[in-house]
Each structure stands twice: as structure tokens, then as C-alpha cells.
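These notes are about the structure you will find just below.
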Amino acid sequence: MVSNKSAGEQVRVRFAPSPTGRLHIGGARTAIYNWAFARATGGVFVLRIEDTDPDRSTEENTQIILRALRWMGLDWDEGPEVGGPFGPYIQTKRTHIYAEALEKLKAKNAVYPCFCSKEELEQKRAAAEEAGKAYIGYDKTCRDLDPAVAQTRIDAGEPHVWRLRVPEGHEPIEFDDAVYGHMSFPADVMDDMILVRSDGSPTYNFAVVCDDTDMRITHVIRGDDHLSNTPRQILIYEALGYPIPTFAHLSMILGPDGKKLSKRHGATSVEEYRDEGYLSDTMVNFLALLGWSLDGETTIIPRDVLCEKFGLNRITKKDAIFDETKLTWMNGVYIREMTPAAFVEAARPWLCKAAGCDDDGFFEGHRVWFEKLYPLLAERLVRLDEIPDKIAFLFWGNNIILDADSVDKTLKKEGCRAKEALLACRDVLADTSISWNFEALQDACKALCEPMELKPKLLFQPLRVAITGNMVSIPLFESIELMSRENVLARIDYTIDHVFEQ
Ligand code: GLU
């Protein structure tokens, strides 16, 4: 079965999540591919919420998914909150579409009512199992009911579903998948599937076909867990006489152990990665490469390049491996490429956590100050959640929390002259004629080395411990510049008083 789309038609793709949980890595990748394909082809990216499973779908999950998509920067052209010509874009609000399609199928005698109860079907399944026979689906008991009899039963209010009348002797169902290539499924094993349940709600396969048609979807790009649904959906397209879109099924994402990615491997939802301090640019780039490549080599592919170059022809059917080490490395690359303003915006939760205050007034008032932290941190971070540990000391005021190991190795080391070094630096830092600027302060302290016959390290390391509490820290004099003279001197005094015997 070949797609009967006309050449040159505008691409229309959709991401169709079921709001039964958070946006998982696999779903996020599907969303990215649809979005990037629309952007690369000048097409339209539609978002549709598939909430027909009332037990598992929630409005809260819908909101979580929308938030995650927005965070990743995957803007949709049509869908919830933005509207569009084929709305509503939430399946439970589209019942009229499915009802109309059902009427169309009834008129063509392409569906029939089935009165078999769940219990009866269950018994048949159990009997087949007991007899050692494979259950081959619905036995078509109601397929040839006299239409008048069926109508009487419907009129009498007898519960019934509507099943697709799969044509007898249908040829194998074939289609050219943009990723998997030519696919062929025997039609005779296709069940007369239920399209509409006894409560009037559409099944997944029916709703998807109605919606994809109504929304003029040209390419269905989705996970290969739906591959086995595709021949069924093609039967529905045929029954309705609707054009069949191009399908592109995406392979699975596996953990490093080769098993399907799951909680066991760590975070699985987009929001968890956001909360661990991964950037949205990193996630889009990294997930795009789980099954697609630009040229087989390039790993840093910013979103504008992705939106220009993405195509279905470079999607692989090989399963993709989720490599967290690569993700973390890539995040470091993106952090180093940010502007200070973008950094402050993305890092807000962690900057505020370090400061112990997250109200808007505080954050806005400190924006410029926070931006000055960017050059001190950029080279030293691979995740934004590492920020609080690195900058906590800046918010200690006059207090200092000394790391015991750093004190032993830096201040108390035999013959290191740490007290002398601290006193000399204190004089420099107390000198108001030296401007409170890192270069001036650093030069003035460095000038002490020669007369004191001290190596710079032996001068600066004690000072670093006295100011930051630790022998490892972000650049010292740049940090000092961001603190007040009062705080700096108080910490040196405290350290001298508490570490050295008087
Ligand atoms: N709602 C389906 C899911 O979340 C996707 C259906 C489709 O893409 O056809 O798995």
C-alpha cells in the first residue's frame, strides 16, 4: 500500500501523547523528530492530546506534558492553548468526529454491531486455550446477524460495540515505512477489531485514524511500539476511503545494558533531567541523535541546524543506546556556549537555592551580580545542579565553614607559613586605596610573594581556604570581588583566630 499523498503537499505532522504520565525520553524524542521535520520542511507541527483512556488520563499529566514540551522549546503550530483550524486538539472533545466517521462506515456496511459480552469472549478465549488451540481473535459471531434483528436489539437498548468488517480475502496489507522500509502483514489474521466501545467511546486505532485524517496529517512519525497497529489503521483508512499517510516508526531507546530504557537506568522523564540541571538545548540535541544523525559524526547540532537539516532518510532502525556520559559531556559543552543572561535564566533554581532565597524581588535584584558568576562557573560545570555547592560560600556573610581536610593540608601543614601569608593578604585587602577589583587585588597580593619569599601557591591557598572554606574553589580573586570587604576580612580574622594557636 503506497501513500496516495500528492507531491509538493505541505508536510503536516503531529505528536500525540496520551496523558497517562510524564513526558518520557522516548516520547520526547518522537516530539523532537516531528517538530524538527515540520521545521525543516516548512510544514506544520500539530500537538494532539490522546486522553481517551479515562482511567489513566489526567488533566495534570496533560499540563506536565505541555510544560515539558515548552521547556524543550518544541513550539507547536496547532494544538492545545494555541488552537488551529482542526481543533479541538484533545480527543475527549472530539467525539462528534468519531460519531460522524462511524455513521459513514455504517452507511457503507463496513462495520457491524457486536453484542457478545466480555464474559462470553473471555470464555471463548479460555476454551481455545484449554483445547490447546491458539486464539485467533474474535470468532465473528455477530458479523452476519440479520441487520433487522441487529437493529431491534440495538433499539431494545442491548449493549453492543461496533466492529470493523475486515473484507474477506483481503490482500496482505503493505506499506513503505520511511524507516523500516517495505512492510507486509497478512490480512487474514487481522481481527474484526472494535472501533467504538459499548459506552460510545472510540478505540485508540479508530480515534487516531479519524484525527489524523481530519487534521490532514501527511506523515505519522511515532514509536515502533505502534508498528503492529499500523496495518489495522490502514484497514480503517481503507474502509473510510481516506488517504493513507506516510509512516515512520522509530526504534526503541535502550539503556547501556541493552535493555529497554526504564526507571532502573535512572531518570526517564524530561522533567527529571531538567531538575538535574540539564539544559533544554542539550536534551534536544542529545535526544535527536538517538536514532538520527546529521552525517554520522557531528555530535553538537544546535537546534537551528537540526531544524534546517533534519530528514526522515537519516533515521536508523537500529535501537539507540542512551549514554548518560555523553549527555553530561554535551551539557558541559552547551553550558560553556551560553550567554551570561541565558545562564542566569536557566540556572535560577540553583542560584536561588545557593542564596537560600527564591523570591522574584531577590532574583531580579541580583541578576547582574549572578551574571558575573557565569565566567567563574562555566568551565567547571557539567550540570546546573552542581552550582549550589560551588557558590554557597558567597552567601555565608561574615561566617566561614572550614573544611577540616583543607585546613590540615593548607593551613596546618608543617612549615607552610600560612598565618603569615593570611596576615599579609589581610593588610592588602584592608587597604582602601586599592580598588575592589579582582585584578588590582590579585596583583597587590602577588606582589607580596617576592619580599616574603613565598611561592604564590603558598600565599593564595591559605587565603582560598580562609575565604571559601575549601582548597578547591571557583577563582579566588574574582569571588572576592563579588563579596564585601567586610565579609572577606571577617573570614580571614575568624580563620586566624580559630586555626592557629595564639
Ligand atoms: N497516543 C499514543 C501514545 O502515546 C500515540 C499514538 C500515535 O502516535 O499514533 O503512545
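The figures that follow rest on heavy atoms only: side chains count, while hydrogens, waters and symmetry mates do not. Counting convention: from 1, in listed order, for ligands and their atoms alike.
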Point to revise | Nearest heavy atoms of L306 and I301, plus distance in Å | key: N-CG2, 3.9 Å
Mind checking whether [X] has an N or O less than 3.5 Å away from an N or O of ligand 1?
| X | value |
| --- | --- |
| A16 | yes |
| S18 | yes |
| D225 | no |

Which protein non-hydrogen atom lies closest to [atom], naming both residue and atom, and how far is it?
| atom | answer |
| --- | --- |
| atom 10 (O) of ligand 1 | H226 NE2, 2.9 Å |
| atom 8 (O) of ligand 1 | R14 NH1, 2.8 Å |
| atom 1 (N) of ligand 1 | E50 OE1, 2.6 Å |

Taking only distance into account, with no hydrogens and no angle test, what donor-acceptor pairs under 3.5 Å do side-chain atoms of residues 75-82 form with protein atoms, sequence neighbours excluded?
unit_1 : atom_1 : unit_2 : atom_2 : d
D75    : OD1    : W35    : NE1    : 2.8
W76    : NE1    : P80    : O      : 2.9
D77    : OD1    : R39    : NH2    : 3.1
D77    : OD2    : R39    : NH1    : 3.0
D77    : OD2    : R39    : NH2    : 3.4
D77    : OD2    : F45    : N      : 2.7
E78    : OE1    : R12    : NH2    : 2.8
E78    : OE1    : Y89    : OH     : 2.7
E78    : OE2    : R12    : NH1    : 2.9
E78    : OE2    : R12    : NH2    : 3.2
E81    : OE1    : R70    : NH2    : 2.7

Exercise for review: Compute the minimum heavy-atom distance from Y204 to ligand 1 and say whether it is under 4.0 Å.
Suggested key: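 Yes, Y204 has heavy atoms under 4.0 Å from ligand 1.
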Practice item. Enumerate the residue pairs fulfilling salt bridge (Lys or Arg N to Asp or Glu O under 4.0 Å) with a member in residues 286-297, sequence neighbours excluded, ordered by first and then second residue. Key: none
Check your understanding: Does the side chain of D212 come under 3.5 Å of the side chain of Y242 through a donor N or O and an acceptor N or O?
Key ->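 Absent: no donor and acceptor within the cut-off.
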Check your understanding: Would you say the side chains of H249 and T230 form a donor-acceptor pair under 3.5 Å?
Key ->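 A donor-acceptor contact under 3.5 Å links the two side chains.
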Practice item. Would you confirm whether the ring centroid of Y204 sits within less than 6.0 angstrom of the ring centroid of H226? Key: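 Yes, close enough.
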